Structure formats: structure tokens, C-alpha cells
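Everything quoted here is computed from the prediction, not taken from an experiment. Here is how names work: the chains are called A, B, and so on, in the same order as the sequence lines, proteins then strands, and each is numbered from 1.
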Amino acid sequence: NAGVTQTPKFQVLKTGQSMTLQCAQDMNHNSMYWYRQDPGMGLRLIYYSASEGTTDKGEVPNGYNVSRLNKREFSLRLESAAPSQTSVYFCASSFDGLGNQPQHFGDGTRLSIL
Amino acid sequence: AQKITQTQPGMFVQEKEAVTLDCTYDTSDPSYGLFWYKQPSSGEMIFLIYQGSYDQQNATEGRYSLNFQKARKSANLVISASQLGDSAMYFCAMRPTSGTYKYIFGTGTRLKVLA
């Protein structure tokens, strides 16, 4: 019953450092998503992937890259971290057969950029 | 462009009373789904309830019901018999049934249940 697993749960970086947030789902879902959550702004879509091998930009893609490694895994990379990227990051997945399926979320990664 | 609006940043409700959390949306898609999620202070996102744009009846899930008024483009969440454990952030979300797989989220409403 793992669902969506995100690693790490917490991370502190210095400005300019790089890191990759990992996400894996075991529900055989087609679509995967990366969001950031900031106070008062809800969840904003960074990137999503409708299927293995495809990725598309969301609302706030600048400063991020993604890789859909296979059907299970979808990683988010910060090449040169900036303080504005301090946020809580959520990975989600969904099965999009009929469009009526909710997203399943990981527990989030709390990222601080100093 | 699609948009979800939640105009209530914070709400209070007395324990055991009902509360309505507002959600209005804007879309040009003919077919879409509406979702509500709960985010307790522990941070996880919990799916609560779904309403399809062509569903004839309002969705219900236990103490949660959705007051769907398509002409007004509103999909308000009603929580009956509030419990202390209902204190959380609540997010309304929408996505088209076909085409793009993007979900659009509102900014959320923080609900506090008072003993």
C-alpha cells in the first residue's frame, strides 16, 4: 500500500546547489505531476507527464527540469537552486482513463534554499 | 483559461454544526470533473469527493456532500456534523474529462472547528 513515495522528506540547500527530488508510484497510473505549494497560493503545477516518455510544462516550470524515467518514476531537478524555490513540493499520480479519477499525492518534500 | 476561485481564506464552525466551503470555477470545456481535497496540519493531501459535470445528482461521501450548481459554475463542499478532526485546509480542483491532464487548484480554505 505504498501509493506515491517521495524522497527526501526534508532538504536544506545553499543557493546555487543542485538536487533531484524523487517520486515513484506503484498504482500503475499513467499520469504523474509535480506541484509546489506556497502559503496563500494553493498548489501550482510545475510539470506533468501524461505517459512514459512525455513531459509538459505547467504553470511555473522555470528553474526546474523533469524526467519520466519509466511508468513508475518521475523526478524533479533543480539545477541551480534559488531562495524563491523554497517551498513544499508534492508529487502526484492519476489514472486518466475516464477523467474522473482523483490524484494521489505523496507526503511532500519540504525544501529550504538558503 | 481555466480557473478555480475559493473566496474564503478561513472559516470557523462549531463542532457538530454543518459548514459550506465555497468554490467557483471557470472553464470553456464542455465536460469536466471537480474534486475536493483535505490537507490536515500533517501536510498530506486527502481526496474527499468527486463531481462530474454531467452527473445528474450531487455527489455525497459520508459527511461530505457537494452542492453542484452548473449554471452558476459553483461546486461548494458541505460538511455535516463537523468534528474537531475536520480542522484542515480544503482545496477545490478541476480538470477536463478529455484532452489535457492538468488539474487546476484553488488557493484553499482553512477550516477551524471549535469545541
Is there a path of hydrophobic side-chain contacts, each under 4.5 Å between heavy atoms, that joins [X] and [Y]?
{"X": "Leu48(B)", "Y": "Leu84(B)", "value": "yes"}
{"X": "Tyr64(A)", "Y": "Phe90(A)", "value": "no"}
{"X": "Met89(B)", "Y": "Val78(B)", "value": "no"}
{"X": "Trp36(B)", "Y": "Leu34(B)", "value": "yes"}
{"X": "Met45(B)", "Y": "Tyr89(A)", "value": "no"}

Side chain, backbone, both or neither of Gln39(B) within contact of chain A (heavy atoms, under 4.5 Å)
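It is the side chain, since no backbone atom gets that close.
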Please find the pair of heavy atoms, one from Gln103(A) and one from Tyr37(B), that lie closest to each other, and give the distance.
N-OH, 2.8 Å
Between Asp107(A) and Glu44(B), which heavy-atom pair has the shortest distance, and what is it?
OD1-CB, 4.1 Å
Answer yes or no: are there more than 12 heavy-atom neighbours, outside Arg44(A) itself, under 6.0 Å from its atom CZ?
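Counting neighbours around CZ of Arg44(A), more than 12 heavy atoms of other residues, nucleotides or ligands fall under 6.0 Å, so yes.
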Non-hydrogen side-chain atoms of His104(A) and Phe47(B) separated by less than 4.5 Å:
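Counting from C-beta outward, His104(A) and Phe47(B) never come under 4.5 Å.
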Check whether any side-chain heavy atom of Phe91(B) lies under 4.5 Å from a side-chain heavy atom of Leu43(A), and answer yes or no.
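Result yes, sub-4.5 Å side-chain heavy-atom pair found.
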Atom NZ of Lys102(B) and atom OH of Tyr48(A): how far apart are they, to the nearest 0.5 Å?
5.0 Å
Just how far is it from atom CD of Gln101(A) to atom CZ of Arg95(B), taken to the nearest 0.5 Å?
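The CD atom of Gln101(A) sits 9.5 Å away from the CZ atom of Arg95(B).
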Do the two ring centres, one from Phe105(B) and one from Tyr35(A), sit under 6.0 Å apart?
yes
